[in-house]
Structures are given as structure tokens and as C-alpha cells.
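To start, the structure itself, in C-alpha cells.
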Amino acid sequence: MPSTLTESTDPYCLRDGESVALLTGHPWRRFVVLGDSVAEGLCEPVDGYSTLQWADRIAAELRAVRPELVYLNLGRRGLRAHEVRAEQLGPAVDFRPDLALVVCGGNDAFRPAYDPDAVDAELDVMVTALQRAGADVITVGMFDVSHSPAVPDKVRAGLGERMRRLSAHTARLADRLGTLHVALTDHPLTADPSIYSSDGRHGSARSDAIATAETLRRLAAYLNAPASGGRTA
């Protein structure tokens with residue numbers, strides 16, 4: 001990444017005023033986030049980029065348009081998909097959300113014994129319950145962290161294969177259940193070292209800025225699609 005590049009000049013990030021234009025008139029008033037460390041927010045700082053974490057940034061942009069928006073982030077580092085479902089689904093439904101972000105499975109995919117069908121089943125339960133509670137649900141195909149320079153070469157290929165299986169399975173589940181899916185795995189920068197942290201497991205502030213832009217653009221596409229059933233204020 002060129003040393004002069006900042007969030008305001010990064011071609012993959014939001015332009016000035018873009019978020020308001022994307023979200024003007026959005027209907028959401030109660031936003032809940034479920035997941036692991038990606039949901040909690042553990043990105044590594046990068047000079048020139050906001051230090052606000054991804055989910056917090058989404059909430060802030062939604063609230064800039066609708067100040068009364070209430071936000072609850074249940075994300076907690078280290079959790080596998082079944083733990084996210086067991087610990088967070090009940091409180092999330094009780095929150096009565098109209099918008100929910102579910103991001104998990106990465107900790108499962110870091111294990112050689114990763115079972116994609118088991119993760120699918122947990123995601124299915126969470127998404128379905130949140131939809132029945134009245135929420136539009138965002139799912140995510142995460143950046144392929146196997147490209148991080150901090151990932152040991154001996155595990156890189158296996159990790160990459162599992163991360164892509166997770167992404168493909170989540171995309172199919174999203175299509176089947178009708179979620180608002182944010183596809184990041186094949187983003188043009190997925191192999192760029194600047195979007196990963198030095199721990200080999202998480203992203204940088206640049207990746208969170210890019211993920212925010214892609215998420216808001218997906219929300220806007222949903223709101224503006226005539227046949228989507230998207231709600232208006």
C-alpha cells in the first residue's frame with residue numbers, strides 16, 4: 001500500500017458523503033451483531049484510517065441517518081459457530097432487532113477438522129430465528145486471511161482451502177435463506193498484505209474500512225431493489 005494512501009483517498013473505501021447517500025431513508029432502528037472476534041472488533045490500526053471497528057462503523061453510519069437507532073454488539077473473540085449460537089442467539093432475539101449481522105465460522109475454519117455442514121447448521125438456526133423475529137440479516141464471506149504474511153507457509157494452503165469452503169457454504173446459505181450477503185473473499189485486495197494484521201488471524205483498519213463500504217453498498221442495493229421487498233421508512 002503506498003505510504004500516502006489514506007482512507008479518504010483509498011479507492012476501495014467510502015467517498016465523502018457516500019454513506020449518507022446510500023442510507024438516506026433507511027428503516028432500521030434496532031441493530032444487533034452476533035459473532036466472534038471479527039464481530040467484536042480486533043482490527044489492527046493503520047495510519048490514515050479510522051480506528052473504529054467494522055460493526056461499530058456500520059452502527060455509526062446507520063445512526064448518522066437515524067439518530068434513534070439502538071445498537072447491541074454481542075460479538076466475543078475466540079468463539080466457534082456453535083458457541084455463538086448458544087451464547088448470543090437468545091439475547092439477540094430478545095433485543096427485538098430489525099437488522100442483524102451474523103459473522104462467525106472463522107474460528108472453525110482455522111481448525112483442520114473444520115466441518116462446513118456443522119457450521120452451516122448453526123448459521124441456519126441463527127439466521128432463521130432472527131428473520132422470524134423480524135430482522136433483515138446480513139451474512140458475510142470474509143476476506144481470505146490465509147493471504148496474511150503472518151500465516152506460516154506450512155498451513156497457508158490448507159487454511160486458504162477451508163476459508164474458501166466457509167465462504168462458498170455461507171454464500172449458498174445466504175442465497176437459500178435470503179440474507180443480505182456481503183462477499184469479501186474474492187475482493188480485489190484479498191491477497192494484499194495491507195488488509196491483514198500482524199497476528200495472522202485478523203484484519204487491519206484498512207480491511208474494516210473496506211468491509212464497511214461493501215456492507216453499506218449491499219444495504220443500499222437491498223433498499224433500492226424494486227423486487228427485493230426491502231422496507232422503506
Side-chain angles (χ1 to χ4, degrees), residues 7-8 10 12-43 49-76 84 88-89 91-104 123 126-143 170 174 177-184 187 203-226 228-233:
E7 188 167 341
S8 63
D10 193 324
Y12 295 101
C13 295
L14 293 166
R15 304 274 61 81
D16 287 345
E18 183 180 356
S19 63
V20 172
L22 290 170
L23 296 175
T24 292
H26 82 72
W28 298 296
R29 293 174 172 84
R30 301 183 68 82
F31 175 42
V32 70
V33 175
L34 301 77
D36 51 27
S37 57
V38 178
E40 179 185 352
L42 290 181
C43 76
Y49 288 78
S50 171
T51 57
L52 197 62
Q53 308 286 328
W54 174 42
D56 294 348
R57 291 178 62 130
I58 297 170
E61 299 292 1
L62 291 167
R63 191 174 281 152
V65 171
R66 192 174 286 279
E68 71 273 23
L69 179 118
V70 183
Y71 168 49
L72 174 64
N73 190 332
L74 298 166
R76 188 160 67 84
V84 172
Q88 299 176 16
L89 181 58
V93 170
D94 290 344
F95 180 69
R96 297 178 291 108
D98 54 12
L99 182 66
L101 167 63
V102 180
V103 53
C104 62
L123 286 170
M126 287 186 276
V127 169
T128 301
L130 289 162
Q131 289 175 330
R132 287 175 178 167
D136 294 316
V137 180
I138 306 166
T139 52
V140 183
M142 294 177 284
F143 290 111
T170 305
L177 297 181
T179 72
L180 310 182
H181 190 64
V182 181
L184 299 174
H187 188 277
S204 70
R206 190 185 189 200
S207 76
D208 272 20
I210 294 167
T212 299
E214 295 298 325
T215 304
L216 298 194
R217 290 164 186 160
R218 180 65 186 91
L219 292 178
Y222 169 68
L223 293 173
N224 294 326
S228 71
R231 294 172 291 186
T232 57

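In what follows, every heavy atom counts, from backbone to side chain, and hydrogens, waters and symmetry copies are set aside. Quantities reported herein were computed from a predicted structural model and do not represent experimental measurements.
In this structure, the side chain of E68 does not engage the main chain of R29 through any donor-acceptor pair within 3.5 Å. E7 places no side-chain N or O within donor-acceptor distance of the main-chain N or O of A205, the cut-off being under 3.5 Å. No side-chain donor-acceptor contact under 3.5 Å links D36 to the backbone of R76. Proximity of a side-chain donor or acceptor of N224 to a complementary backbone N or O of A220 within less than 3.5 Å is detected. Between the Q53 side chain and the D208 main chain, no donor and acceptor come within less than 3.5 Å of each other.
For R15, the CZ atom is densely surrounded, since the number of other residues' heavy atoms within 6.0 Å is greater than 12.
The heavy-atom pair separating H181 from V140 by the smallest distance is CE1-C, 3.5 Å. Listed here is the closest heavy atom pair of A39 and V103: CB-CG1, 3.5 Å. Heavy atoms only, all atoms of each residue included: L74 and Q88 are closest at O-NE2, 3.0 Å. Summarising the geometry of R57 relative to T212, their closest heavy-atom pair is NE-OG1, 3.4 Å, with the distance given to 0.1 Å. Contact between T179 and V137 at its shortest, heavy atoms only, is CB-O, 3.3 Å. Heavy atoms only, all atoms of each residue included: V65 and L23 are closest at CG1-O, 3.5 Å.
Counting heavy atoms from C-beta outward, V20 and E61 have side chains that stay 4.5 Å or more apart. Inter-residue side-chain proximity for W28 and R66 is flagged as unmet; no heavy-atom pair is nearer than 4.5 Å. In this structure, L216 and L14 have side chains that are in contact, with non-hydrogen atoms separated by less than 4.5 Å. Counting only heavy atoms from C-beta outward, the side chains of L123 and T139 never approach each other to under 4.5 Å. The closest side-chain heavy-atom distance from P27 to L223 is below 4.5 Å. Between V93 and V32 the shortest side-chain heavy-atom distance does not fall below 4.5 Å. Within the 4.5 Å cutoff, side-chain heavy atoms of H187 are placed close to those of Y12. With contacts defined as side-chain heavy-atom distances shorter than 4.5 Å, the pair C104/M126 qualifies.
Here CG of L184 is found 6.5 Å from CD of E214. Values are rounded to the nearest 0.5 Å. Between the OG atom in S19 and the CG atom in L62 there is a gap of 9.5 Å [rounded to 0.5 Å]. Atom-to-atom distance recorded for H26:NE2 and D136:CG is 12.0 Å, nearest 0.5 angstrom. Between atom CG of residue L69 and atom CG of residue L99 there is a gap of 8.0 Å, rounded to the nearest 0.5 Å. Within the model, atoms CG of L34 and CG of L130 stand 5.5 Å from one another, a figure rounded to the nearest 0.5 Å. Atom-to-atom distance recorded for S8:OG and Y49:OH is 8.5 Å, nearest 0.5 angstrom.
Taking the charged nitrogens against the carboxylate oxygens, R217 and E18 do have a contact shorter than 4.0 Å, which makes a salt bridge.
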Item checked: Stepwise side chain to side chain contact (heavy atoms under 4.5 Å, CB included) test for D56 and N73 -> CA-CA 8 Å; D56 294 348; N73 190 332; 4.0 Å; yes
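Residues passing the ring-ring contact (aromatic ring centres under 6.0 Å, His included) test with Y71 are F31, sequence neighbours excluded.
In this structure, a donor-acceptor pair under 3.5 Å is present between the side chains of T215 and W54.
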